[in-house]
Amino acid sequence: MNPPRLNRSLVLEVPVRVADGAGGFVESWQARGALWAEVIARGGRERGQGGAPVASVSWRIVVRAAPAGSSMRPQPGQRLRDGVRIFVIRAVAERDADGRYLTCFADEEVAT
């Protein structure tokens, strides 16, 4: 297996709950750091959501592995950001038997 071409810097973001001042919470996102990645489109589709068309693209994003439990190891429910583009991580798997790389299966949605 050829090594991935890690040529894009993405920011790993995690959800955090922030008090809204009225006894409740709102979800916000906190940057954990940058990861170099190989980003490959897997497929796409268009669907209606709330009366507006939404384009959804599935991505395979390969990053260097971090030890289990590390704050820099991507997990489902987190996201990767490239400027204004957001890739929501749905699943993470080891890419190789040696555990040097991780594959993040992610979705990006854009209102059209």
Side-chain angles (χ1 to χ4, degrees):
M1 177 184 306
N2 293 331
R5 190 168 167 229
L6 307 177
N7 60 356
R8 286 175 72 176
S9 180
L10 303 177
V11 176
L12 177 64
E13 296 182 336
V14 298
V16 293
R17 290 174 43 165
V18 179
D20 66 3
F25 295 92
V26 294
E27 186 175 89
S28 183
W29 292 91
Q30 181 180 59
R32 281 276 168 90
L35 299 173
W36 284 96
E38 175 182 65
V39 181
I40 301 166
R42 297 177 52 216
R45 64 187 172 114
E46 184 178 76
R47 60 184 168 78
Q49 182 174 345
V54 175
S56 178
V57 179
S58 296
W59 295 90
R60 186 177 72 220
I61 302 173
V62 179
V63 298
R64 287 193 193 282
S70 168
S71 65
M72 289 303 293
R73 186 180 177 101
Q75 297 178 21
Q78 296 177 344
R79 66 187 192 181
L80 295 163
R81 178 184 289 275
D82 182 10
V84 297
R85 297 178 70 186
I86 296 172
F87 305 96
V88 178
I89 301 171
R90 302 293 181 206
V92 179
E94 291 186 351
R95 180 178 183 265
D96 57 333
D98 296 331
R100 293 177 293 175
Y101 299 99
L102 298 173
T103 299
C104 301
F105 299 93
D107 294 326
E108 175 187 28
E109 292 184 348
V110 179
T112 56

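Atom set for the values below is all heavy atoms of this structure, side chains included, hydrogens, waters and symmetry mates excluded.
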Looking at SG of C104 and CG of L35, how far apart are the two atoms once the value is rounded to the nearest 0.5 Å?
8.0 Å

Consider only side-chain heavy atoms of I, L, V, M, F, W and Y, link residues closer than 4.5 Å, and tell whether V62 and V92 are in one cluster.
no

Locate the shortest heavy-atom distance separating R73 from A66; write the atom from each residue and the value.
NH1-O, 2.5 Å

R32 side chain to S71 main-chain N or O, any donor-acceptor pair under 3.5 Å?
yes

If you take all heavy atoms of R81 and I86, which pair is closest and at what distance?
NH2-CD1, 3.5 Å

Kindly indicate whether the side chain of L80, heavy atoms from C-beta on, has any atom under 4.5 Å from the side chain of L12.
yes

Determine yes or no for a side-chain-to-main-chain donor-acceptor pair under 3.5 angstrom, with D98 supplying the side chain and R100 the backbone.
no

Does a side-chain heavy-atom distance below 4.5 Å link E94 with L102?
yes

Shortest non-hydrogen pair, S9 vs A34, comes out as OG-CB, 3.7 Å

Closest approach of V39 and W59, non-hydrogen atoms and distance?
CG1-CE3, 3.3 Å

Nearest non-hydrogen partners of A106 and F87, listed with the distance:
CB-CB, 4.0 Å

Side chains of Y101 and R64 in contact at under 4.5 Å (non-hydrogen atoms):
yes

Salt bridge check: are R79 and E13 linked by an N-O gap of less than 4.0 Å?
yes

What are the two closest heavy atoms between P4 and R95, and how far apart are they?
CD-NH1, 3.5 Å

Are V57 and I89 connected into the same hydrophobic cluster when the rule is that any two of I, L, V, M, F, W, Y join if their side-chain heavy atoms are below 4.5 Å apart?
yes

Common cluster, M72/I61, ILVMFWY with side-chain heavy-atom separation under 4.5 Å
yes

Determine whether a donor-acceptor pair (N or O, by modelled atom type, separation under 3.5 Å) exists between the side chain of E38 and the backbone of R5.
yes

Do the side chains of V11 and W36 join up, straight or via other hydrophobic residues, at under 4.5 Å, putting them in one cluster?
no

